[in-house]
Amino acid sequence: MLKLSRIVTCIETSGMPWNCGQRVGLRNFPAPIKFDPIEPVDRPKLKMMDRAPLYLGGMRPPKMQKRLKLMRGPELVHNKLIHQQYGIIALGGGRLKWNHFEMMRFGIGRQLDVSRMFAIWRVDAPWQPVTKKGQGQRMGGGKGPIDHYVSPIKEGRVIVELGGHLEFPEAYKILQLVAHKLPFKALVVSQEILEKREAKEREREAANVNPYTMKYVIQNNFGGCHNWLSPFDHKWFGRYR
């Protein structure tokens, strides 16, 4: 039993005697986010990609050179989020094999709640042939047979897009499971992160007070740099390799 004087003190300070020894305060929690209606999609989960392209009429699969230009430079088309929510973008050039597609399909599919989420591909199925000779064969004899197919990726390309009724922490947990397993550096982004990256790049260019930029140096052939620069340096001014 509490003494009468202590009960009176508790009532005067907290208003109720059972709050003695505790500090009660109001907490302001942010209101829940109101999501827009989900746009209809064909299927909420990622579909299975073909291991090799299909050729009609019994056509023989053609061979191809390396064509490294398909991986060099920035992506100029598929560098925006269609649904303006979340996705994975490439921070460098590379190639995606069929195994990487399956890794992303299983990794994201296991964590996906189809009642309120969906995921879509933003890259094509493997289409570029890669040839390889068998182990122990000597050089010569022409180009080897086709070993597998790949999808070339440029920097800034959106690989996978995730949308629905979810926030970025939940989307990051799902996408980061597969982003660090890709054969090139990749980043989990949201629409807000992409806009901040673009704004930061524009701000950096505007704040540069040095007139001798890489573009100005290359265009004016300072120090005879044209003798040792590559054609890609003349095209992207040292930014992409």
Side-chain angles (χ1 to χ4, degrees), residues 33 35-56 61 64 66-68 70-71 74-75 77-132 135 145-194 197:
I33 298 177
F35 296 101
D36 297 331
I38 299 178
E39 299 182 8
V41 294
D42 296 337
R43 51 189 301 174
K45 288 191 175 183
L46 298 173
K47 67 176 182 179
M48 184 177 180
M49 293 292 192
D50 296 329
R51 185 187 290 265
L54 300 177
Y55 296 96
L56 302 178
M64 189 181 297
K66 288 184 178 180
R67 298 181 68 180
L68 298 179
L70 297 176
M71 299 181 288
E75 176 62 40
V77 180
H78 301 283
N79 54 7
K80 304 292 183 182
L81 296 175
I82 296 177
H83 299 279
Q84 297 184 356
Q85 285 193 289
Y86 318 107
I88 300 176
I89 63 171
L91 297 181
R95 289 173 171 175
L96 288 177
K97 298 181 181 179
W98 182 78
N99 298 336
H100 298 129
F101 283 93
E102 287 296 284
M103 178 270 297
M104 289 187 285
R105 187 172 70 90
F106 280 110
I108 297 176
R110 291 192 184 100
Q111 305 292 328
L112 203 65
D113 185 359
V114 296
S115 63
R116 58 186 179 90
M117 305 178 192
F118 66 91
I120 59 173
W121 292 114
R122 291 296 305 277
V123 290
D124 300 325
W127 61 270
Q128 184 182 12
V130 177
T131 60
K132 182 180 179 181
Q135 188 175 5
I146 296 176
D147 182 69
H148 60 277
Y149 291 84
V150 296
S151 294
I153 303 296
K154 291 185 177 183
E155 181 176 342
R157 177 71 182 261
V158 181
I159 309 298
V160 178
E161 203 167 326
L162 182 65
H165 294 172
L166 75 164
E167 299 182 27
F168 181 69
E170 187 177 4
Y172 181 85
K173 183 179 179 181
I174 297 174
L175 298 177
Q176 185 61 24
L177 291 173
V178 300
H180 71 282
K181 298 179 182 178
L182 295 175
F184 42 78
K185 291 184 179 181
L187 179 66
V188 179
V189 298
S190 63
Q191 181 65 23
E192 183 180 359
I193 293 177
L194 284 181
R197 285 167 57 92

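Classification of R116 and E170 as a salt-bridged pair holds, one side-chain N sitting under 4.0 Å from a carboxylate O.
Counting heavy atoms from C-beta on, the side chains of K173 and Q111 never come closer than 4.5 Å. Put simply, the side chain of I159 does not reach to within 4.5 Å of the side chain of H100, judged on heavy atoms. Inter-residue side-chain proximity for F184 and M71 is flagged as unmet; no heavy-atom pair is nearer than 4.5 Å.
Separating the OG atom in S190 from the CG atom in L162 is a distance of 11.5 Å, to the nearest 0.5 Å. Summarising the geometry, atom CD1 belonging to I174 is positioned 6.0 Å from atom CG belonging to L112; distances are rounded to the nearest 0.5 Å. How far CD of E75 is from NZ of K80: 11.5 Å, rounded to the nearest 0.5 Å. Rounded to the nearest 0.5 Å, atoms CG (L182) and NZ (K97) are 13.5 Å apart. For the atom pair CZ (F118) and NE2 (H165), the distance works out to 9.0 Å, reported to the nearest 0.5 Å. A distance of 11.0 Å separates NZ in K47 from CD1 in I120, rounded to the nearest 0.5 Å.
Contact between R157 and V123 at its shortest, heavy atoms only, is NH2-CA, 3.5 Å. The minimum heavy-atom distance linking A179 with A186 is given by the pair O-CB, 3.8 Å. The nearest pair of heavy atoms linking L96 to P183 is CD2-CD, 3.9 Å. Minimum heavy-atom separation, P53 to P126: CD-O, 3.6 Å. Listed here is the closest heavy atom pair of M64 and Q128: SD-CG, 3.6 Å. Residues L81 and R122 come closest through the heavy atom pair CA-NH1, 4.0 Å.
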In a table with atom names and distances, give each donor-acceptor pair under 3.5 Å that connects a side chain of residues 84-94 to protein atoms at least two apart or in another chain.
from, atom 1, to, atom 2, distance (Å)
Q85, OE1, G164, N, 2.7
Q85, NE2, G164, O, 2.9
Y86, OH, L166, O, 3.0
Y86, OH, F168, N, 3.3

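By the side chain to side chain contact (heavy atoms under 4.5 Å, CB included) test, P145 pairs with no residue at all, sequence neighbours left out. Among residues two or more places apart in sequence or in another chain, the ring-ring contact (aromatic ring centres under 6.0 Å, His included) test is passed with W121 by F101.
Atom CD of E102 has more than 12 neighbouring heavy atoms from other residues, nucleotides or ligands inside a 6.0 Å radius.
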